[in-house]
Asker: 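Can you keep this structure in mind? I'll have questions shortly.
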Amino acid sequence: MIGKLRGKIDHIGDDHLLLDVNGVGYVVHGSQKLLSKAAYGEAMAVLIDTQVREDAITLYGFADAAEQQWFRLLTQVQGVGSKVGLAILSTLSANDLSLAIGSGDARMMQRVSGVGPKLALRIVTELKDKAALAKVSAEPFIAPAAAKGAEKAPAPAVADISEDAIAALGSLGYGRSEAFQAVARAMKAQPEIASLQQLIPAALKELSSQHA
């Protein structure tokens, strides 16, 4: 099984590149992130996942290990084939994926062509725990219920008010991901917050500073 290829870029297509490895050309399908790093005639090393079927052997290439891990996780979800997986990686960065899945923001997933509301919801629901276990992220967000430096898991009440605050901000017209980040920043800045009445104004202040 091929796990990595190193060679010269012989061709760059819309969704693939041709990698010349000692005179043998390998067609490697990849995201726009991978293709944007490729330059004709230049040497390049590509991480590879090999898909073997009765009628074809297909190579999928990745710019880095995080992208490869996300692809493997995404394609475990029913309805997310290799093509949709690459489309997601082409549209959303690792940070965007971490945020969308961590906050349950299905609308962010719907930015991707071919991902409708039902599939978007399935992705963020099924991958929330899997992504955390696989530790897949790139400069991950700080979850409201897991502020950095906390020695103990927060009390359930804190997690509850976090979700309530996010819902309240959503009713004011803020997107879930935006509200999620604001609540996370507020709780990081003021770990002593213990009530919804304290948290909502603090999160609104964070939102105001971001839009200033």
Side-chain angles (χ1 to χ4, degrees), residues 14-16 29-36 49 51 53 58 60-64 66-146 156 159-187 196 199-200 203-204 206-207 210-211:
D14 292 336
D15 61 355
H16 69 279
H29 297 268
S31 69
Q32 293 304 310
K33 179 180 179 181
L34 173 71
L35 299 179
S36 68
D49 271 6
Q51 184 182 87
R53 293 182 176 177
T58 308
Y60 296 96
F62 308 96
D64 50 48
E67 187 182 43
Q68 185 178 45
Q69 282 184 289
W70 272 119
F71 179 80
R72 291 173 177 176
L73 283 173
L74 288 165
T75 51
Q76 288 178 22
V77 178
Q78 183 181 0
V80 180
S82 300
K83 184 176 180 179
V84 173
L86 291 180
I88 293 172
L89 293 173
S90 295
T91 305
L92 302 176
S93 67
N95 279 335
D96 288 339
L97 280 168
S98 295
L99 179 58
I101 291 170
S103 65
D105 190 350
R107 286 189 298 176
M108 184 181 288
M109 297 301 305
Q110 290 180 56
R111 296 179 189 173
V112 182
S113 177
V115 177
K118 290 184 179 179
L119 181 55
L121 181 60
R122 188 183 305 142
I123 291 170
V124 298
T125 302
E126 291 188 15
L127 293 189
K128 188 168 186 177
D129 292 335
K130 290 182 180 180
L133 289 172
K135 298 180 180 179
V136 181
S137 64
E139 194 180 341
F141 57 85
I142 299 173
D160 291 342
I161 66 169
S162 297
E163 187 58 40
D164 288 344
I166 292 169
L169 294 175
S171 69
L172 294 175
Y174 293 101
R176 182 171 175 83
S177 295
E178 187 178 24
F180 185 89
Q181 288 180 303
V183 170
R185 289 194 299 269
M187 295 194 71
L196 187 62
L199 183 53
I200 291 176
L204 285 170
E206 291 292 334
L207 286 164
Q210 289 295 307
H211 292 286

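Quick note: numbers below take in every heavy atom, side chains included, and nothing from hydrogens, waters or symmetry partners.
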Asker: Can you measure from CG (Asp105) to CZ (Arg111) and round to the nearest 0.5 angstrom?
Answerer: 7.5 Å

Asker: Do Met109 and Leu92 have side chains that get closer than 4.5 Å, going by heavy atoms?
Answerer: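 Touching, per the 4.5 Å side-chain cut-off.
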
Asker: Shortest non-hydrogen contact from Ile166 to Phe180?
Answerer: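 Heavy-atom minimum between the residues: CD1-CD1, 3.5 Å.
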
Asker: Measuring from Thr58:OG1 to Asp49:CG, what's the distance to the nearest 0.5 Å?
Answerer: 11.5 Å

Asker: Nearest 0.5 Å, what's the CG-CZ distance between Leu127 and Arg122?
Answerer: 11.0 Å

Asker: Side chains of Tyr60 and Leu34: closer than 4.5 Å at any heavy-atom pair?
Answerer: no

Asker: Just how far is it from atom CD of Gln78 to atom CD of Glu126, taken to the nearest 0.5 Å?
Answerer: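 So the CD of Gln78 and the CD of Glu126 are separated by 7.5 Å.
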
Asker: So, taking the atom named CZ in Arg72 and the one named CD in Gln68, what distance separates them when rounded to the nearest 0.5 Å?
Answerer: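 Nearest 0.5 Å value for the CZ-CD distance: 4.0 Å.
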
Asker: Counting C-beta onward and ignoring hydrogens, is there a side-chain heavy-atom pair between Ile88 and Ile123 closer than 4.5 Å?
Answerer: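 Answer yes - side chains close enough.
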
Asker: What are the two closest non-hydrogen atoms of Ala100 and Val124, and how far apart are they?
Answerer: O-CG1, 3.8 Å

Asker: For Gln51 and Ser82, what are the C-alpha separation, side-chain angles and deciding distance, and is it a side-chain contact (heavy atoms from CB on, under 4.5 Å)?
Answerer: CA-CA 9 Å; Gln51 184 182 87; Ser82 300; 3.1 Å; yes

Asker: Do the non-hydrogen side-chain atoms of Leu89 and Lys33 ever get within less than 4.5 Å of each other?
Answerer: no

Asker: Any idea which heavy atoms bring Ala106 and Ala120 closest together, and the distance?
Answerer: O-CB, 3.4 Å

Asker: Would you indicate whether the side-chain heavy atoms of Ile101 and Trp70 approach each other to under 4.5 Å?
Answerer: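 Sidechains of Ile101 and Trp70: in contact.
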
Asker: Which distance, rounded to the nearest 0.5 Å, do you find between the CG of Asp96 and the CE of Met108?
Answerer: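 Going from CG on Asp96 over to CE on Met108, the span is 5.0 Å.
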
Asker: Testing the basics here: between Leu199 and Ala186, what is the closest heavy-atom pair and its distance to 0.1 Å?
Answerer: CD1-CB, 4.1 Å

Asker: Could you tell me which non-hydrogen atom of Ala87 sits nearest to which non-hydrogen atom of Ser113, and how far apart they are?
Answerer: CB-O, 4.3 Å

Asker: Is there a side-chain contact between Asp15 and Leu86 in this structure, where contact means two heavy atoms from C-beta onward sitting under 4.5 Å apart?
Answerer: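 Not in contact.
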
Asker: Closest heavy-atom contact between Tyr174 and Arg107?
Answerer: O-NH2, 4.4 Å

